Amino acid sequence: MSQPPTPDQRPKQVPQASNSEVDQRYMRQLAAVAEVGRAITSSLDLNTLLRVLVDVLRNTFGYYGVNVWLLTEPPDITQLKAGISATGVDLSQLEIQYSMQVDNLVTRACRSEEPALENHTRFSAGSQASLSEHFPNARSAMVLPLRMAQKAVGALEILSDQEQAFSAEDITLLRSISDQATIAIRNATLYESERSRRHLAETLQRVGRAISGTLELNEVLALILRLLDEIVPTDRSAVMLLNQDANELEFVATRGFPGTTPAEIPHIKLKEDNIYGRVFRSQQPISLPDVQEYPGWQELQILAPARSWMGVPLIQSEQVIGMLSLARETLHPYTVSEVTLAQTFADQAAVALENARLYDNLARFSHQLREMVQQRTQELQRAYEQLERLDRTKSDFIRVTSHELRTPLTVLHGYSQMLLQDQDVMNSSKLRPLAQGIVQGAVRLHEIVNAMLDIAKIDSSALELSPEPVPTSYLIKNIVSNFESALEQRNLNLEISSLSSLPPIEVDAPAISKVFKQIISNAIKYTPDGGKITITGQEITRDSNVLDGASGIQITIRDTGIGIDPAFHELIFTKFYQTGEVALHSSSKTRFKGGGAGLGLAIARGIVQAHHGKLWVESPGHDETNCPGSQFHVVLPLRQPPS
Ligand code: ADP
């Protein structure tokens, strides 16, 4: 391949070139420029393009060295992106870079945006030290800025092994090449950024889907770190959450940390002046290109030293709740797009974290609730068992006492009756009332003991019934007749209606009489003088479902008395329950508010239930001034099932 003339081989001064020589050289240069142009526009891949640019410039013009430098963003570092050493080594892999603070031809050209020229120097130590070994014979250098939209984005460096190698003509030629190169670089960069934007959008969408796909806190944390590593490769990363009380960051998940659980890692104090405090205050990611240059950088003992670091805040409702920490162990600063990417990711991660935390709280709360319910159920069960035991004890007591009292009472009753038949006693105005008092007391005691016996039988389901058909109307009227004098005494009006049409019912007449006696006696007791008691009846059909498909009758006893608070509607049917004050107790069966032993309604319900019937009360409430009244309903089936 014929080598074109190169600036290094040409005489530096050409004072008397003929017109045709000038034209020829001009044509050759134009052809070379066109060749470069063709070559560099053949690819849209930035690395390929730069490599082609370096090759074609070396081959076409025979330069000793060609390097392309590009500025990072923000422009604080310029990196060698393409270059081939004098011995043919690809320099792009060596990660050679200069800080823009350093002064050398490359940084000078980038800063001034003008070509920089050195005509007889070697690379001086400290400036292009790393390059001097690759280009030991470099004697002059020219660096042209690559300018895009009025600012330098990098530089094209041409090296020659001759001193004074570059003429004004060369500068013009190389300027035109560098302009073409800039356009090609811009196209490739645009193409690349479009491609990476699309890739980024796709990645973020995928990451977003993955991260919100689970609510289990530990899974979310592990996913955050795994996906973060996918989009911003890093040697180790951690999720740290703020412990507000202690003003500390606690490690909750780590990746790439050797042999430690997050809980074992010492917490990090948030201070105004440390890097973590700065991330919190600014609510912005902070990237340290080289931690060695950051004063006050503190390394955790357990970890290999970090070189490039980035802290990204996790923000929830405008509050920083923690941060992601990303560290690289070699000098490999995070690029601007990596920082943006990490922040976008952190925003998604913060939402996923918050959701997982809420879910975690909810799960923990419902677990606690379940445990509490279980505990309360056990307590209730224990209380219920204790109550059952107490109830059994009460029943046993009633059973034993009533049996024990019955015999001496019968004796007492018998002897007191004998006293009443004794003429001497009856004739004595002193002894007669005493004997009558004893008889009355014995009778009352007898009634109480009988009531206790009834309760004991009901409790042990030992009530013996002999049901036979009884005309309902006759039964009720018979009972009412016993209360005539009491009604008169208390000036109460008792009305019976619609009973005569009722069918006969199959009941144990003495037992059912006790039920109605008790209810009517209560109606008298709890209705003030001058009040009214009404007894009505109606048939219950099979389909009314009151008696689970059986037909029967319903007797309702209404009074205009003091009424019963709905809170006690069930309690009054339990044994010994009285709503009034026990201290005001009176044993009269018909005196206003004269209380009994509190057994009456318990026995009545026991008897009705033993007949497969129902007994309940309705009343708007207890009010002794307005007397809202009560209604007691007794429902009994027409027939008893065969025993
Ligand atoms: P007692 O023998 O004390 O009357 P009961 O078992 O018959 O016991 O009645 C229980 C309680 O129900 C009574 O103490 C009373 O407070 C209330 N009670 C029963 N019937 C009526 C009624 N018709 N009006 C208002 N309260 C009543």
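Both counts, for ligands and for their atoms, begin at 1 and track the order of listing. Because the structure is a prediction, the values reported are computed rather than measured.
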Structural part of Thr527 in contact with ligand 1, heavy atom criterion under 4.0 angstrom
neither

For Gly600, the ligand 1 atoms with a heavy-atom partner under 4.0 Å come out as 6 (O), 7 (O)

For ligand 1, which part of Gln518 has a heavy atom less than 4.0 Å away: the side chain, the backbone, both, or neither?
side chain

Per-residue contact class, Phe573 against ligand 1 - non-hydrogen pairs under 4.0 Å
neither

Just distances here: any N/O of Ala602 and N/O of ligand 1 closer than 3.5 Å?
no

Out of Asn522, Ile572, Ile533, who is nearest to atom 19 (C) of ligand 1 when you count heavy atoms only?
Asn522

Part of Ile564 with heavy atoms under 4.0 Å of ligand 1, whether side chain, backbone, both or neither
side chain

Hey, are the side chains of Thr254 and Arg236 touching, using non-hydrogen atoms and a 4.5 Å cut-off?
no

Ring-plane angle category for His446 and His413, please: parallel below 30°, perpendicular beyond 60°, tilted otherwise.
parallel

Flag, side chain of Gln284 to backbone of Val279, donor-acceptor distance under 3.5 Å
no

Only one of Leu636, Leu465, Leu638 clears side-chain contact (heavy atoms from CB on, under 4.5 Å) with Val507; which?
Leu636

In this structure, does ligand 1 have an atom that sits under 4.0 Å from one of the heavy atoms of His622?
no

Would you mind listing which atoms of ligand 1 come within a distance below 4.0 Å of any non-hydrogen atom of Ser630?
24 (N)

Going by side chain to side chain donor-acceptor pair (under 3.5 Å), name the pairs with one or both residues in residues 503-514, residues two or more places apart or in two chains.
Asp454-Lys514

Could you tell me which non-hydrogen atom of Ile540 sits nearest to which non-hydrogen atom of Ser544, and how far apart they are?
CG2-OG, 3.3 Å

Using the test side-chain hydrogen bond (donor to acceptor under 3.5 Å, both in side chains), find all partners of Thr574 that sit at least two apart in sequence or belong to another chain.
none

